[in-house]
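Structure record follows, encoded as structure tokens.
Read the numbers this way: they start at 1 and go in the same order the structure lists the ligands and their atoms. Note that the coordinates shown come from a computational prediction; the quantities given were computed from them, not determined experimentally.
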Amino acid sequence: MHLAAADLAALIALCRAEIDRHGEHLSALDSAIGDGDHGANMRRGLEAVFAERDAIAALPLPAALERIGLVLVMNIGGAAGPLYGTLLMELGRALPGDAGAGDLAAPDDLAAPLERAIAAVARRGRSGPGDKTLLDVLYPVQAELVRRSPPGDIAACARSAAHSTGPMQARRGRASFLGARSIGHEDPGASSCALLTAAICGYFEEHRPS
Ligand code: ADP
Ligand code: MG
């Protein structure tokens, strides 16, 4: 898998379009177990990244990811902002410093940096598996990378992991205030995470090196 600057700009555009398309759905999920702003929060974050996409894509990949993380923290707000921000900033920091925009490592080379980034998110949120958060998508996606699964399988795994948060009882964030009443609703953060994962995987499926 190779990631040129043009790919990064295209991926940013794709993620922004995906969040824009599903913003109402994300907010509806958040209305059921939170305060109904997750779609608006994510849209704000992705719009801000999109506005900077050319400058971001011109950076070496680690710096680009760190910058995306910072822009997300500054613009998503809420609980999700610092968590998505931490994920991207730590992923950037965990990549080899010489990872240029033109030579992203193979997907399995992403597994270890992503593991580190996910651990930072878990520390930041004081959360772990089964808490009904975006981590319930991130852990299985990372495991698929370790297995070197093809992008289509990773996307399917992300969707099914988000779906699996439905029967969970929330133990972190606003939804945890509902106790058992949080059961039966998909977690909005898990849902946005699956949408973004699937969009990114779709891109790599289409642009697979021959
Ligand atoms: P807020 O809850 O401040 O309104 P959002 O609605 O944008 O923020 O994001 C809510 C999502 O953030 C949840 O669906 C969940 O996935 C994630 N989240 C909230 N708190 C935590 C936490 N402590 N650890 C991990 N994820 C969390
Ligand atoms: Mg909310």
Side-chain angles (χ1 to χ4, degrees), residues 12 15-50 68-91 94 113-144 154-155 157-200:
I12 290 170
C15 288
R16 175 235 194 188
E18 192 67 3
I19 290 300
D20 192 45
R21 191 173 314 126
H22 296 279
E24 267 84 59
H25 176 63
L26 294 173
S27 285
L29 291 176
D30 196 31
S31 294
I33 58 169
D35 56 357
D37 63 356
H38 189 61
N41 291 346
M42 293 301 291
R43 272 181 175 157
R44 215 169 38 242
L46 272 297
E47 280 305 324
V49 175
F50 182 74
I68 293 171
L70 192 65
V71 174
L72 291 178
V73 173
M74 291 189 305
N75 290 279
I76 295 180
L83 298 168
Y84 271 113
T86 297
L87 181 71
L88 273 294
M89 286 192 285
E90 288 297 323
L91 189 58
L114 187 61
E115 185 177 20
R116 226 179 96 179
I118 293 171
V121 175
R123 276 196 304 278
R124 174 100 208 197
R126 295 201 190 91
S127 43
D131 285 347
K132 195 180 178 96
T133 71
L134 72 173
L135 284 168
D136 290 309
V137 170
L138 291 172
Y139 288 122
V141 161
Q142 195 270 342
E144 290 294 318
I154 301 176
C157 163
R159 285 193 203 94
S160 124
H163 195 62
S164 304
T165 62
M168 294 176 185
Q169 176 168 335
R171 291 193 292 241
R172 286 290 179 269
R174 259 175 229 285
S176 66
F177 305 154
L178 292 179
R181 280 184 292 136
S182 64
I183 295 172
H185 304 277
E186 185 170 317
D187 178 64
S191 182
S192 61
C193 193
L195 286 171
L196 292 168
T197 303
I200 293 166

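- Of all the heavy atoms of T133, the ones lying under 4.0 Å from any atom of ligand 1 are found in both the backbone and the side chain.
- In terms of protein heavy-atom proximity, atom 24 (N) of ligand 1 is closest to S127 OG, 2.8 Å.
- Neither the backbone nor the side chain of D131 has a heavy atom within less than 4.0 Å of ligand 1.
- Between G34 and ligand 1 there is no heavy-atom distance shorter than 4.0 Å.
- The heavy atom nearest to atom 22 (C) of ligand 1, out of those in S27, G125, G81, is found in G125.
- For D187 and K132, the salt-bridge test fails: no basic side-chain N is under 4.0 Å from an acidic carboxylate O.
- Electrostatic pairing of E24 and R43 counts as a salt bridge here, judged by a charged N lying under 4.0 Å from a carboxylate O.
- The closest approach of D30 to the Mg ion (ligand 2), by N/O/S atoms, is made by OD2.
- The shortest N or O to N or O distance between L134 and ligand 1 is below 3.5 Å.
- With respect to the salt-bridge test (charged N to carboxylate O, under 4.0 angstrom), the residues E18 and R21 qualify.
- The part of D30 lying near ligand 1 is the side chain, judged by heavy-atom distances below 4.0 Å.
- Atoms of ligand 1 lying under 4.0 Å from at least one heavy atom of A80, given by number and element, are 7 (O), 8 (O), 9 (O).
- D37 contributes atom OD1 as its closest N/O/S atom to the Mg ion (ligand 2).
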